[in-house]
Structure formats: C-alpha cells, structure tokens
Engineer: 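Please read through the structure below; I'll follow up with questions.
Keep in mind that this is a model prediction, so the values were computed, not measured.
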Amino acid sequence: AKLDSNDFFVVAVSPQASPATSAISPQDPILRIGSSLTATCTLSPEFGLHASMLFWTLNGMRLSSSAYTVMSSDVLSVTLHNLNGSKQQSGDNLVCHGADGHVLGGSCLYVGMPPEKPVNLTCWSRNTKDLRCRWSPGGVGETHIRTKYTLKYKLRWYGREKECENYSTGKQRYTCYIPRNLALFTPYEIWVEANNQLGSATSDITTLDILDVVTTDAPANVQVSRVGDLDDQLTVRWTSPSELKDILFQAKYQIRYRLEDSTEWKVAMDDVGNQTSCRLAGLRPGTVYFVQVRCNPVGIYGSRKAGIWSDWSHPTAASTPSNERLQSGSCDPKPGEQNSTLRRELKQFFGWVRKHAYGCSGMSIKLYDQWRVWLQKSHRTRNQVGKQNLSFHYLHTHIDTI
C-alpha cells in the first residue's frame, strides 16, 4: 500500500519471547502530530489464544475493531490515523488485551512536534551578584513531548561559553538561576537552546549588561498614617531595600493606592525620587485605602540607566478621618446654597495650589493644612456666612505667601 510521508508503518516481527508472553511493536515510538501508526501485538504460540480474540485500548479507551487487522493466528495489528499530541509527557498508553481484559503488553506513544525557538527571554539581577533568566516555549507542540532547555551565556567579546545549571519550571515558563561569578561593565550574550527527539531550535541572542538589569526586593516597612485632622490626606513612609546599600546608587520609587472596595489601582506619582516618604492628597474622607510602593535602582556605579522595577510591596491599609458634617446627613438652609458654591470655588483654588505646589514633590503646604483645619472647624458652626467671609479675608491676606 502507498503511505503518506507522515505515516509510520511497522512490520510485525515475532520477538524471541518466553512461553506465555506477548510483545507490542514498536516500543515507545516518537511521532509527529498528524502521523499515522500501525502497531502489532504478537502472541507466543504457547499462549493458546487466537489473535481474533484480542482487543486494543489507548489511554484506557477501547479502540474500534474496524482499526484491527488479523495478520495471522498470533498477530493482531491496529492502525491509528492523524495522531493528536500526547496528553501527558509520560506518553499515551497503547495496550493489547486478552478476551477477558487482562493486559498482554503495551507501548507508550510520544506524539508532538520539534521545538520552535524559545521566546520572551528576559533576565534580571539582584544586587549585581547573580542573574536569573526566564523564557517561554516557542510553540504549543512542545508541551506534548519532553523538551530539554539549556540556557547558555558568554562574555560578548571574549570568554568561553557556559551553561546555566539551576533550572525551574512553571506553567509554560522556564527559569534558570546563575548564582555567582558574573562580570560587571562587560556585556553578556545569552540564549536558550531547545532539544527533543524530533529536532532542535535556538532563541534569539539577548545582549545585556548586568548593571542595566539590576532590581531589588520591594521596599520594606511600608507605613500609612493620617495627617492630623485632614480628611483627604494620608502620609506614606517606607524603608529603602537593603540589597544595594553596599553599592553607590540612588533609587526612585513609585506609589499606588486603591479604595477598599475596588480592584483598580491608581498611581500617585510616576517617580517620587529618592525620598522615602510621600503624602497622598485629594482622597475620600472616611475611606479605607490600600497602598503599595516599589523601587527602581538607578545610578549604579555611575551608570545613567535605570534598573528594573521591583515587585510591589505588600498592601498596607489605612483610613482617612471621617467628615462629621457629611456623616450627619444634615443639609444647609437655602441661604447656605450660595455659600456652598463659594466653598467649592475655594476648594478648587486650593486644590490647584496643592497640585502645583506639593503632591509628592517635598514642598511644604503648611499654610494649606492650617486653612483646611480651620475650614473643617468652621463647618461645625452654624454661622456659615460669617465663616465664609472670614475665608475671603484669609485668602486675600495670605495669597502673596502661597
């Protein structure tokens, strides 16, 4: 018969078997996805069975007898077409059974594809002392049969090729760790080779300098606290990561926060500089916030390039003070509606001052804090009109100092 180029046909050959045994051929074949396979179960003459009494299973499922061929009284074959990828890397179980179901013999089928070149190769270093690299398989076919990955690296202009030895595997991600003996100020070339019994492939080469891929642990001891009686602000403080204290560097930090009942994070500032504290303003009174901080080392050994952002710190929670007036549910009398408009305008003005004069820049807003405390106290009185007139006086007498 004429076979397709992807077909795999095995001619049955009676094995040298001891009495009361059978044999499956081929044993543990490795095939491409889409191939066909003909396998045989050969009985020993002393078995006392006829091949027509046998049946086949694949991964425990009985195969249709229409796929069988009785080649002789002691040889039964089965043909499988258009094979799918193996469901497990240990192989698919093709088993020959006697009429009563007992197992006569079996073989493991490994069905997959040659590896495609690995992708998404990225590396990072902690404290410039080590290097960890991660990558992904280049194609889904590689999950069907066992593929070996080898991460290799060498100094770009000299030095011999080396292999990483400490591997770990996650879901569709591979990692290798190089713990020591790394050179600084000289770029490395790094790549990954993939091999299985159907072929091989090599990733693109990544060129990097250790100083450009430095990262740290997340900032520690993150604390969030109230700012006096101010109901719309919180202060965030943290401790610099300890890993890089023996290296000349600066760090820039990023802060994000979210409401307790929300999953959406808001970044307070893209870069709060080398400081280790920051004030969040414009928050909602009487609300619980979760805050996180992360770090990016820069200026290591004079390098002008930034490193890699660390993971975010564990969330730290704090609540802003409650606005008693809002909680009371009371309403202003009609004459207060005009005053309410004035208050909104004043709030917008000082919001502008807060945005342009402070935020996380380190500039003091002591004057604004005093005004806010004064305004909150004024809300607790009934003489709203008089208090608003005082706010005009306060604004005009202090506007030049803002």
Side-chain angles (χ1 to χ4, degrees), residues 3-10 15 23-41 56-63 67 77-97 103-123 131-154 161-179 189-206:
L3 301 176
D4 184 85
S5 59
N6 285 331
D7 288 351
F8 185 101
F9 186 83
V10 179
I24 304 296
S25 180
Q27 275 293 308
D28 305 336
I30 301 171
L31 310 167
R32 283 177 175 260
I33 293 175
S35 297
S36 296
L37 168 71
T38 296
T40 61
C41 178
W56 292 89
T57 62
L58 181 63
N59 291 330
M61 300 294 294
R62 187 162 179 162
L63 298 175
S77 71
V78 63
T79 299
L80 306 174
H81 296 286
N82 195 25
L83 290 168
N84 295 320
S86 296
K87 295 182 178 180
Q88 51 195 13
Q89 287 192 343
S90 58
D92 293 334
N93 297 314
L94 181 64
V95 179
C96 178
H97 300 264
V103 175
L104 299 176
S107 177
C108 287
L109 310 184
Y110 299 92
V111 185
M113 295 293 289
E116 298 179 29
K117 71 177 184 179
V119 296
N120 301 327
L121 174 60
T122 57
C123 302
L131 188 68
R132 192 181 299 269
C133 295
R134 181 170 56 199
W135 64 93
S136 300
V140 295
E142 296 172 41
T143 63
H144 299 296
I145 60 177
R146 193 175 304 279
T147 298
K148 179 182 178 182
Y149 293 94
T150 305
L151 185 138
K152 296 184 177 181
Y153 60 101
K154 64 182 287 293
E161 180 181 296
K162 298 181 180 179
E163 292 186 7
C164 183
E165 298 178 354
N166 190 354
Y167 293 88
S168 58
T169 303
K171 186 176 182 180
Q172 288 295 296
R173 297 301 294 267
Y174 295 82
T175 303
C176 198
Y177 177 62
I178 304 171
E189 291 183 346
I190 302 174
W191 66 96
V192 176
E193 296 177 358
N195 293 274
N196 64 29
Q197 290 177 283
L198 291 174
S200 62
T202 301
S203 72
D204 294 334
I205 295 176
T206 295

Engineer: Mind checking the CG-CD1 spacing from Leu83 to Ile33? Nearest 0.5 Å is all I need.
Structural biologist: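 It is 9.5 Å, given to the nearest 0.5 Å.
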Engineer: Could you grab the distance from atom NZ of Lys152 to atom CD of Glu161, nearest 0.5 Å is fine?
Structural biologist: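 Reported value, rounded in 0.5 Å steps: 4.5 Å.
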Engineer: Counting only heavy atoms not in Gln197, do more than 12 sit closer than 6.0 Å to its CD atom?
Structural biologist: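 Open.
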Engineer: How far apart are the closest heavy atoms of Val111 and Arg32, and which atoms are they?
Structural biologist: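 Smallest interatomic distance, heavy atoms only, reads CG1-O, 3.8 Å.
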Engineer: Counting N and O atoms only, with roles assigned by atom type, does the side chain of Asn59 sit under 3.5 Å from a partner on the main chain of Asn93, one being a donor and the other an acceptor?
Structural biologist: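 Side chain of Asn59 to backbone of Asn93, a donor-acceptor pair under 3.5 Å: yes, one is there.
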Engineer: Tell me yes or no: SG of Cys164 and SG of Cys133, less than 2.5 Å apart?
Structural biologist: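 No, because the SG atoms of Cys164 and Cys133 are not under 2.5 Å apart, which misses the disulfide cut-off.
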Engineer: Side chains of Ile205 and Ile190: closer than 4.5 Å at any heavy-atom pair?
Structural biologist: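 Ile205 does not reach Ile190 side chain to side chain.
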Engineer: Measuring only between side-chain heavy atoms, which start at C-beta, is Arg134 closer than 4.5 Å to Thr175?
Structural biologist: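 Yes, their side chains come closer than 4.5 Å.
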Engineer: Taking side-chain hydrogen bond (donor to acceptor under 3.5 Å, both in side chains) as the test, write out the residues that go with Thr57, two or more places apart.
Structural biologist: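 Thr57: side-chain hydrogen bond (donor to acceptor under 3.5 Å, both in side chains) contacts with His97.
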Engineer: Given side chains that start at C-beta, do those of Thr150 and Tyr167 come closer than 4.5 Å, heavy atoms only?
Structural biologist: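 Yes, side chains in contact.
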Engineer: Between OG1 of Thr147 and CG of Asn196, what distance do you get to the nearest 0.5 Å?
Structural biologist: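 If I round to the nearest 0.5 Å, the distance is 4.0 Å.
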Engineer: Is the side chain of Gln27 donor-acceptor paired with the backbone N or O of Gly106 at a distance under 3.5 Å, no angle test?
Structural biologist: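 Checking the backbone N and O of Gly106 against the side chain of Gln27, a donor-acceptor pair under 3.5 Å is found.
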Engineer: Quick one: does any side-chain atom of Asp92 pair with a main-chain N or O of Lys87 as donor and acceptor, under 3.5 Å?
Structural biologist: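 Judged by distance alone, yes, a pair lies under 3.5 Å.
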Engineer: Is a side-chain N or O of Tyr149 found less than 3.5 angstrom from the main chain of Ser136, in a donor-acceptor match?
Structural biologist: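 No, because the side chain of Tyr149 does not come within donor-acceptor range (under 3.5 Å) of the backbone of Ser136.
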Engineer: Heavy atoms, side chains only, cut-off 4.5 Å: are Leu151 and Ile178 in contact?
Structural biologist: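 In short, these two side chains touch, coming nearer than 4.5 Å.
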Engineer: Could you tell me whether the side chain of Ser203 and the main chain of Val192 form a donor-acceptor pair under 3.5 Å?
Structural biologist: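 Here the side-chain-to-backbone pair exists.
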Engineer: Would you check if Pro137 and Val119 make a side-chain contact, meaning some heavy-atom pair closer than 4.5 Å?
Structural biologist: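 Sidechains of Val119 and Pro137: no contact.
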Engineer: Minimum heavy-atom separation for Pro29 and Leu37, please, with both atom names.
Structural biologist: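 Shortest heavy-atom separation between Pro29 and Leu37 comes out as CG-CD2, 4.4 Å.
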Engineer: Go through it in stages, so that I can follow the logic: the residues are Ile24 and Leu104, the test is side chain to side chain contact (heavy atoms under 4.5 Å, CB included), and I'd like the CA-CA distance, side-chain angles, deciding distance and then a yes or no.
Structural biologist: CA-CA 9 Å; Ile24 304 296; Leu104 299 176; over 6 Å; no
Engineer: So among Ser200, Pro114, Pro115, which one has a side-chain contact (heavy atoms from CB on, under 4.5 Å) with Asn195?
Structural biologist: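 One option only clears the test, and that one is Ser200.
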Engineer: If you look at every heavy atom in Thr202 and Glu193, which pair is closest and at what distance?
Structural biologist: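 Scanning both residues completely, I find the closest heavy atoms to be OG1-CG, 3.8 Å.
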Engineer: So, Asn166 side chain and Cys176 main chain: donor-acceptor pair closer than 3.5 Å or not?
Structural biologist: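 Flag not set: sc Asn166 to bb Cys176 has no pair under 3.5 Å.
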Engineer: Could you tell me which non-hydrogen atom of Gly91 sits nearest to which non-hydrogen atom of Cys108, and how far apart they are?
Structural biologist: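 For Gly91 versus Cys108, the nearest heavy atoms are CA-CB, 4.5 Å.
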Engineer: Give, for atom CG of Leu109 and atom CG of Asp28, the distance between the pair rounded to the nearest 0.5 Å.
Structural biologist: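 Reported value, rounded in 0.5 Å steps: 8.5 Å.
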Engineer: Which heavy atom in Thr40 sits nearest to a heavy atom in Trp56, and how many Å separate them?
Structural biologist: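 That closest heavy-atom pairing would be C-CH2, 3.6 Å.
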Engineer: If you take all heavy atoms of Pro26 and Ser107, which pair is closest and at what distance?
Structural biologist: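 Result for this residue pair: O-OG, 2.9 Å.
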Engineer: When you compare the side chain of Tyr174 with that of Thr169, does any pair of heavy atoms fall below 4.5 Å?
Structural biologist: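 Of all side-chain heavy-atom pairs linking Tyr174 with Thr169, at least one is under 4.5 Å.
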Engineer: Could you check if a side-chain atom of Lys117 sits within less than 4.5 angstrom of a side-chain atom of Trp191, using non-hydrogen atoms only?
Structural biologist: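 In short, these two side chains do not touch, never coming nearer than 4.5 Å.
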Engineer: Is there a donor-acceptor contact under 3.5 Å from the side chain of Thr79 to the main chain of Thr38?
Structural biologist: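 Not a single qualifying donor-acceptor pair exists.
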Engineer: Short question: side chain of Ser86, backbone of Gly112 - any donor-acceptor pair under 3.5 Å?
Structural biologist: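 The answer is no, because no donor-acceptor pair under 3.5 Å joins these two groups.
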Engineer: Rounded at 0.5 Å granularity, tell me how far CG in Asn120 sits from CZ in Arg173.
Structural biologist: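 If we round to the nearest 0.5 Å, Asn120:CG and Arg173:CZ are 6.5 Å apart.
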